[in-house]
Structure formats: C-alpha cells, structure tokens
Enquirer: 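This is the structure I have questions about; it appears just below.
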Amino acid sequence: MEIKEYEELIIAQLNKVVEQIIDKGPNLTIAVKKGERVGDGISKYLENKFVEFTKKHEYFTDSIASPEGKTKNPFDVQTFFEINNHRELLWVDFKAINVDNDDTNPDSGTPDKVLTLMNSGYFYLVYILVYYKGNETGLDFVQNNEIFVKSYFLKDVSSTMRITPANQMQVNGFEEPM
Amino acid sequence: MEIKEYEELIIAQLNKVVEQIIDKGPNLTIAVKKGERVGDGISKYLENKFVEFTKKHEYFTDSIASPEGKTKNPFDVQTFFEINNHRELLWVDFKAINVDNDDTNPDSGTPDKVLTLMNSGYFYLVYILVYYKGNETGLDFVQNNEIFVKSYFLKDVSSTMRITPANQMQVNGFEEPM
Amino acid sequence: MEIKEYEELIIAQLNKVVEQIIDKGPNLTIAVKKGERVGDGISKYLENKFVEFTKKHEYFTDSIASPEGKTKNPFDVQTFFEINNHRELLWVDFKAINVDNDDTNPDSGTPDKVLTLMNSGYFYLVYILVYYKGNETGLDFVQNNEIFVKSYFLKDVSSTMRITPANQMQVNGFEEPM
DNA sequence: GGTTGAGAACATTTAAATGGCAACCTC
DNA sequence: CGAGGTTGCCATTTAAATGTTCTCAAC
Ligand SMILES: [Mg+2]
Ligand SMILES: [Mg+2]
Ligand SMILES: [Mg+2]
C-alpha cells in the first residue's frame, strides 16, 4: 500500500470513530455560557469514548486516554493503528471549537513533543477537530462545512502555523491542512 | 483614615461580599471530573453574583462583570469603592482553586494592564481566591486554612511572583501576600 | 517662531533622523514574501534605532521605544522635542509600506489611510512612513517619489487625553465608557 | 564532607478565544 | 481612482495545573 493511501485510511478511520461517538451522543450536558470555553470537558468525554469505541476495532488497538490529573500530558488519546503486521503509534489531540464564537486559533501543543515522539521512532501526531454550540441545557455537536469531525496530521498542518511565546504551536481552527 | 485601614476595609468588604455569595449558594452544578479545571465557569458565576450582591451596597457601586465573549478582558469584575466622597476603581480577578489537586500556580494577568490602570489614574488590582472540590453532581466551595475567600491586592503579592513567557504574572495559589 | 514653522521643523528633524537610520542600514534581513506584511519587525527595528540615534540630539531627548509586547501601546516611539525652553511631547507611529503590494499609491493614498485612522479615533501625533521592497535575502528600504521617509503631523494631543480602564484612548472624557 | 529528602521557587504545558494591522477586494 | 469593507496572518490574553531545579537542613 502506498504511503498516501495508508495515511488517508488512518484519517478516514479516525473520522469514522469520532463520527460514531457523536452520532450515538449528539449532545452533552456540559453547560456553555456565552463566550465560555469548555474544551477540557469535551476532550475528556471524547477521550473516554474513543477508548470505549476502539476496544474491539478493525484497525485501532490499545487506546488509552490521557491519564486523570495529568494536565500536561502530551496526548489526549494514544492508540495504535494496525494493518498487515504493521503497527503505528498515534498521538491524538482533540480541539473543540465553539462555532458561535468569532474565530479561534487554539494552542496546538508544544513543538518539543514532536521530537520526543520521533526519538521514540514514531511520527504521527493527529488533530481531531469537533464543532459545538451551546444550548439551554448543555451543548450540541454541530457541523462545520457539512462535517462533524475533521482529522489531519500535524505534518500536513497549514504553513501559517507559528510558535507562540508560551512555546505552543498555533494555527487557525478553520485553516485547511495541505 | 489611614491608608492601611482604608485598604484593610476594602479587603474586608470584598471578602464579605464573596462569603455571602458562597453562603447563599455553597455548591454549583458545574461538573468537575478529576483533574479538570473549571475556573472559567466559576469565575462567570461569581462575576454575576458580585454584581447582583453590590447593586445596593454600603461601599461598592457601579459593579460590572467582564463583558460576555470578551475572553481577553483585563478584569473579571470592575467596581468602585466609595467612602467619604472618595471613589476608588477596583479591578477584580477571581482565582478558583481545586483543593483536590496537588498544587497550583495560576496565571495572574499580564503585567501590562498594571500600567494601563495606573495611566488612567487608578491603582488597585485585587485577586479574590476561592476554593472548591468536585462532588458527584457538581462542586462545593470549601475552606482553605479555615477561610472560604481570600482577597489581596496585587501590590501586596509575594515577591516570588514572576512573569511567564506568555507574559502573565504568576504566583503560587497558597503563597501568602505580604 | 510661528506654529507652522515650528511644526515644519519637527517634521524635518524627524525625517532626518529616520533618513539617517536608513542610510546607515539600507536593508534588513527580514524575509518578505509577496503579499506578506512585516510591519511589526520593521517598526521594532526603527523604534530601537530611533532611540539610539537620539541619545544625543540637538532637538530630541528622552526617546523611548514602545514596551515589548504592548500592542495597545499608543506609540511606537515617544520622544520630546526641545527648543528655546519649550518642550513638546511627541508620539510617533511608524507605518511600513511594501511598494510591491497592490494598494500602494504615492502621495494621496497613504495620507488618506492616515486620516481614516485619525477619524476612527486614533490619536497619534506623528506618522512616519517608510517604504520597502523584498529582495532575495530580506528587504531594502526604497524611495517613493524620491523620498525615503515621509512624516505627517496630525494634531495636538489634548491634555485631557487618557487611557481608560477599558484600554481605550479617550479625549475630554469624564466617565469610563465600556 | 557528601547524600538525601523536603520544600521553595520557578518553568512548562495544557483548555481556546479576541484583537490589530497590512494587504486585498469590491463597487 | 478612492473609499470602505473584508481577509489573512499573527500576537496576545484569558482558565490553572504538573514538573523540574535549586537550596537548605539533617544525618
Ligand atoms: Mg486537545
Ligand atoms: Mg480570573
Ligand atoms: Mg506603527
């Protein structure tokens, strides 16, 4: 299999898992007041669900969520993508975007962890973006450009990516990957 | 009145307002999973209550909460302390500390806003610390060293205060002011 | 001395300082792609040089550059113009214009830009325009209509001008608008 | 005198928005 | 061509934890 197909398969499978999570539970009871940001709670929800939904999966194995209380953990989910005796480690970073706000440029991880990951022989850091809106009692996952979930690899991030003084990669939440 | 007494009166009155808020509503329905940080939601709650509780107040007037959606606003609450025809503007910054966590060193505002405030002829930036713990359905405000609320002025902050690369003042949440 | 002459002298002296800066270093190693803007970098360069070049100066004293990171700072450089025991505070704002970009038009376009800003409530005293072009390794300062530097003297800063707690400039204001 | 442990002090990382400004686009 | 609005790009600020390093005291 070509590398390109292989990578596309990973992305497609990740999208599918998270789409299923959203499909089974399209709203959460996490309250969102206007202008409030609840990324932390949404991420924890998706992390746990991801692990649950990949307990038995055609491609993903050994998924773990970011450990409780580890507020500086380098991944939200770690999982392995397995195909034809090849086993690829993935670090997933969820981004939860409130589409009622004007714009967003989330911190996207320290660049240092890219090195950590590569030194351990792996490569793939993946962002998974989800979109939401507050309602009276909590929040709904919603579509952006007709999709609920957008996954892409750090290696494909837009060239407008930059490093902030806090040593975080940063890229606009609506910027297309390459 | 001496400056010292005057300042002590401000602090005592601030503590009293927030103690009353907590007394009337000692728990919130904001869910706190272990290791999660819900400072944003707690701050918004306290901001609105502070405004409500100082609508008619012996000392505080014209309180306003941080405007909705302004995620970069320099204060959580702005209020005026009035006594003997003297009117003092205060900028309040709430800090919500989860006592189940090991430690905390919250970002405490950009140092640049100190100059902004001074240029406009004012001086008093106040931190108001509250403590909480998650429970099954939400959170309880709790005591730390037998107090629910600790207020102090930026000018009295511990000398261990430092500036982070993100241009935020930082100080340990349990550090005593001078 | 007439006001008009006085103002012309200030402008002439400002132009001279910046012309000297450009003369001593006619190119920078700041990379410029077409359509990109590097105003920030050029401004920082000119600010520091301006302070350096007016350390000992016939007319300018006590020059300071804008504090690092303060985007809301009302000036790029603050300096004092001294003549005959008269001391005038000047706030300088640099504008860097890439002549390769589509909008650039000599003479009339640029002053309009400046007036627009002024009408929208900005209050800078002097704008100093410099022109540049990208090259292979960085950028060159260039002439526009045979001049390297163009300064516009806008209007006096009223003594009632101040920065409000909401971080806005205000003239003749009484209460803080939010 | 060196080692260990504890505590203090500080650095780093995590959650995601708004705000500013030059360049571009449209009429 | 000019005016006005929009877009793209980046900087800054906001929510609060853990983790590392240094210092000092006790053994
Ligand atoms: Mg994440
Ligand atoms: Mg606060
Ligand atoms: Mg400028």
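Here is how names work: the chains are called A, B, and so on, in the same order as the sequence lines, proteins then strands, and each is numbered from 1.
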Enquirer: Can you see if the side chain of A/Thr110 gets near the phosphate of D/dT13 - specifically, an N or O under 4.0 Å from OP1 or OP2?
Expert: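 Yes, within the criterion.
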Enquirer: Can you measure A/Asn73 atom CG to D/dT13 atom C1' for me and round it to whole angstrom units?
Expert: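 My rounded result for the distance is 10 Å.
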Enquirer: Mind checking if A/Gly69 touches a base, just sugar-phosphate, or nothing, with heavy atoms under 4.0 Å?
Expert: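 Sugar-phosphate only.
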Enquirer: Working to the nearest 0.5 angstrom, can you tell me the gap between B/Leu117 CG and B/Leu89 CG?
Expert: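 If I round to the nearest 0.5 Å, the distance is 6.5 Å.
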Enquirer: If you apply the rule side-chain contact (heavy atoms from CB on, under 4.5 Å), what do you find for B/Glu176 with B/Lys150, and how did you get there?
Expert: CA-CA 10 Å; B/Glu176 288 299 320; B/Lys150 185 180 187 85; 3.0 Å; yes
Enquirer: With heavy atoms under 4.0 Å as the rule, sort B/Ser43 into base, sugar-phosphate or nothing.
Expert: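 The residue B/Ser43 makes no contact with any strand.
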Enquirer: Consider the side chain of B/Lys72, meaning its heavy atoms from C-beta on, and name the nucleotide among E/dT13, D/dA16, D/dT12 that approaches it most closely.
Expert: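 Ranking E/dT13, D/dA16, D/dT12 by closest atom to the B/Lys72 side chain puts E/dT13 first.
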Enquirer: Considering only NZ, NE, NH1 and NH2 on the basic side and carboxylate oxygens on the acidic side, decide whether B/Asp100 and B/Lys133 come within less than 4.0 Å.
Expert: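 So B/Asp100 pairs with B/Lys133 through a salt bridge.
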Enquirer: Assign B/Gly109 to base, sugar-phosphate, or nothing according to its heavy-atom contacts below 4.0 angstrom with the strands shown.
Expert: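 Counting heavy atoms under 4.0 Å across all strands, the contact made by B/Gly109 is with sugar-phosphate only.
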Enquirer: Do B/Asn105 and E/dT18 share a donor-acceptor pair, side chain to base, under 3.5 Å?
Expert: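 Under the 3.5 Å cut-off, the side chain and the base do form a donor-acceptor pair.
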Enquirer: B/Ala96 side chain: which of E/dA16, D/dC10, D/dA17 is closest?
Expert: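 Within the option list, the nearest is E/dA16.
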Enquirer: What's A/Gly173 touching, base or sugar-phosphate or nothing? Going by heavy atoms closer than 4.0 Å.
Expert: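 Answer is nothing: A/Gly173 stays at 4.0 Å or more from every strand.
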Enquirer: E/dT12 base to A/Gln170 side chain: any donor-acceptor pair below 3.5 Å?
Expert: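 Between E/dT12 and A/Gln170, which were checked side chain against base, a qualifying N/O pair under 3.5 Å is present.
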Enquirer: Would you mind reading off the distance between B/Arg162 atom CZ and E/dC22 atom P, rounded to a whole angstrom?
Expert: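 It is 15 Å, rounded to the nearest whole Å.
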Enquirer: If the cut-off is 4.0 Å, is B/Lys113 near the phosphate of E/dT13, judged by side-chain N/O to OP1 or OP2?
Expert: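 No, B/Lys113 has no side-chain N/O under 4.0 Å of OP1/OP2 on E/dT13.
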Enquirer: Go ahead and name the base partner of D/dG19; Watson-Crick or wobble counts if both distances stay under 3.5 Å, otherwise write none.
Expert: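 The answer is E/dC10, by the H-bond criterion.
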Enquirer: Taking any heavy-atom pair under 4.0 Å as a contact, classify A/Asp76: base, sugar-phosphate, or nothing.
Expert: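 Sugar-phosphate, no base atom in range.
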Enquirer: Start at the 5' end of DNA chain E and walk down; is the nucleotide closest to A/Thr160 or to B/Phe94 reached first?
Expert: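 Nearest-nucleotide comparison on DNA chain E picks A/Thr160.
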Enquirer: Could you walk me through whether B/Phe123 and B/Lys155 pass the side-chain contact (heavy atoms from CB on, under 4.5 Å) check?
Expert: CA-CA 9 Å; B/Phe123 183 61; B/Lys155 76 175 185 67; 3.6 Å; yes
Enquirer: Ignoring backbone atoms, establish whether B/Lys70 has a side-chain N or O less than 4.0 Å from OP1 or OP2 of E/dT13.
Expert: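 So the side-chain polar atoms of B/Lys70 never come under 4.0 Å of the phosphate oxygens OP1 or OP2 of E/dT13.
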Enquirer: Which of these, A/Asn172, A/Thr164, A/Thr160, sits in a side-chain hydrogen bond (donor to acceptor under 3.5 Å, both in side chains) with A/Asn105?
Expert: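 Result: among A/Asn172, A/Thr164, A/Thr160, A/Asn172 is the only option passing the side-chain hydrogen bond (donor to acceptor under 3.5 Å, both in side chains) with A/Asn105.
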Enquirer: Looking at the base of E/dA16, is there any donor atom on it, or on the side chain of B/Asp107, that sits under 3.5 Å from an acceptor on the other one?
Expert: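 In this structure, the two groups form a donor-acceptor pair.
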Enquirer: Touch check for B/Glu36, heavy atoms < 4.0 angstrom, all strands: base, sugar-phosphate only, or nothing?
Expert: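 Nothing, no heavy atom under 4.0 Å.
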Enquirer: Pairing check on D/dA6: which nucleotide meets the Watson-Crick or G-U wobble criteria with it, both distances under 3.5 Å?
Expert: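 For D/dA6, the partner nucleotide comes out as E/dT23, under the 3.5 Å rule.
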Enquirer: Rounded off to whole Å, could you give me the CD-to-C1' distance for the A/Glu68 and E/dT18 pair?
Expert: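 Spelled out: CD on A/Glu68 to C1' on E/dT18 is 15 Å.
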Enquirer: Given E/dA17, D/dA17, D/dA15, which nucleotide is nearest the side-chain atoms of B/Thr71?
Expert: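 Comparing E/dA17, D/dA17, D/dA15 against the side chain of B/Thr71, the answer is D/dA17.
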Enquirer: So, is A/Thr104 near the phosphate of D/dA17, with a side-chain N or O under 4.0 Å from OP1 or OP2?
Expert: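 Answer yes for this pair, as a side-chain N or O of A/Thr104 is under 4.0 Å from OP1 or OP2.
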Enquirer: Rounding to a whole Å, what distance do you find between A/Lys33:NZ and D/dA17:C1'?
Expert: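 Interatomic distance, NZ of A/Lys33 to C1' of D/dA17: 17 Å.
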Enquirer: Expressed in angstrom and rounded to an integer, what is the separation of A/Asp112 atom CG from E/dG19 atom P?
Expert: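 Whole-Å distance recorded here is 16 Å.
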Enquirer: Consider the side chain of A/Tyr132, meaning its heavy atoms from C-beta on, and name the nucleotide among E/dA16, D/dA17, E/dT18 that approaches it most closely.
Expert: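 Output: D/dA17.
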Enquirer: Step by step, would you call B/Leu129 with B/Tyr152 a side-chain contact (heavy atoms from CB on, under 4.5 Å)?
Expert: CA-CA 9 Å; B/Leu129 281 56; B/Tyr152 63 88; 4.2 Å; yes
Enquirer: Within this structure, what is the CG-to-C1' distance between A/Asp103 and D/dC21, rounded to whole angstrom?
Expert: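 Result: 15 Å.
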Enquirer: Across all strands, who's sitting opposite E/dG2 as a Watson-Crick or G-U wobble pair, both distances under 3.5 Å?
Expert: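 Per the H-bond distance test, D/dC27.
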Enquirer: Specify the separation, in whole Å, of atom NZ of A/Lys44 and atom P of D/dA15.
Expert: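 Checked: the NZ to P distance equals 8 Å.
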Enquirer: Do A/Tyr132 and A/Leu28 pass the side-chain contact (heavy atoms from CB on, under 4.5 Å) test, and can you show the C-alpha distance, the side-chain angles, and the key distance before you say yes or no?
Expert: CA-CA 10 Å; A/Tyr132 70 95; A/Leu28 300 185; over 6 Å; no
Enquirer: Which sits closer to the 5' end of DNA chain D, A/Asn101 or A/Pro74, going by the nucleotide each is nearest to?
Expert: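 It is A/Pro74 whose nearest nucleotide is closer to the 5' end.
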Enquirer: Closest-nucleotide mapping onto DNA chain D: is B/Val38 or B/Asn172 further toward the 5' terminus? I mean the 5' end.
Expert: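 First, find each residue's nearest nucleotide; the 5'-ward one identifies B/Asn172.
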Enquirer: From CG of A/Asn167 over to P of D/dT14, roughly how many Å is that when rounded to an integer?
Expert: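 To the nearest whole Å, that distance equals 9 Å.
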Enquirer: Can you tell me, in whole Å, how much space there is between the P of D/dC10 and that of E/dA15?
Expert: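 It comes out at 22 Å once rounded to the nearest Å.
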Enquirer: Might you point out which heavy atoms bring B/Phe94 and B/Val18 nearest each other, and give the distance in Å?
Expert: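 Heavy atoms of B/Phe94 and B/Val18 come nearest at CE2-CG2, 4.2 Å.
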Enquirer: What is the pairing partner of E/dA15, taking Watson-Crick or G-U wobble pairs with both distances under 3.5 Å in any strand?
Expert: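 When the pairing criteria are applied, nothing turns out to pair with E/dA15, so the answer is none.
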Enquirer: For D/dA15, does OP1 or OP2 lie under 4.0 Å from any side-chain N or O of A/Lys95?
Expert: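 Indeed, a polar side-chain atom of A/Lys95 lies that close.
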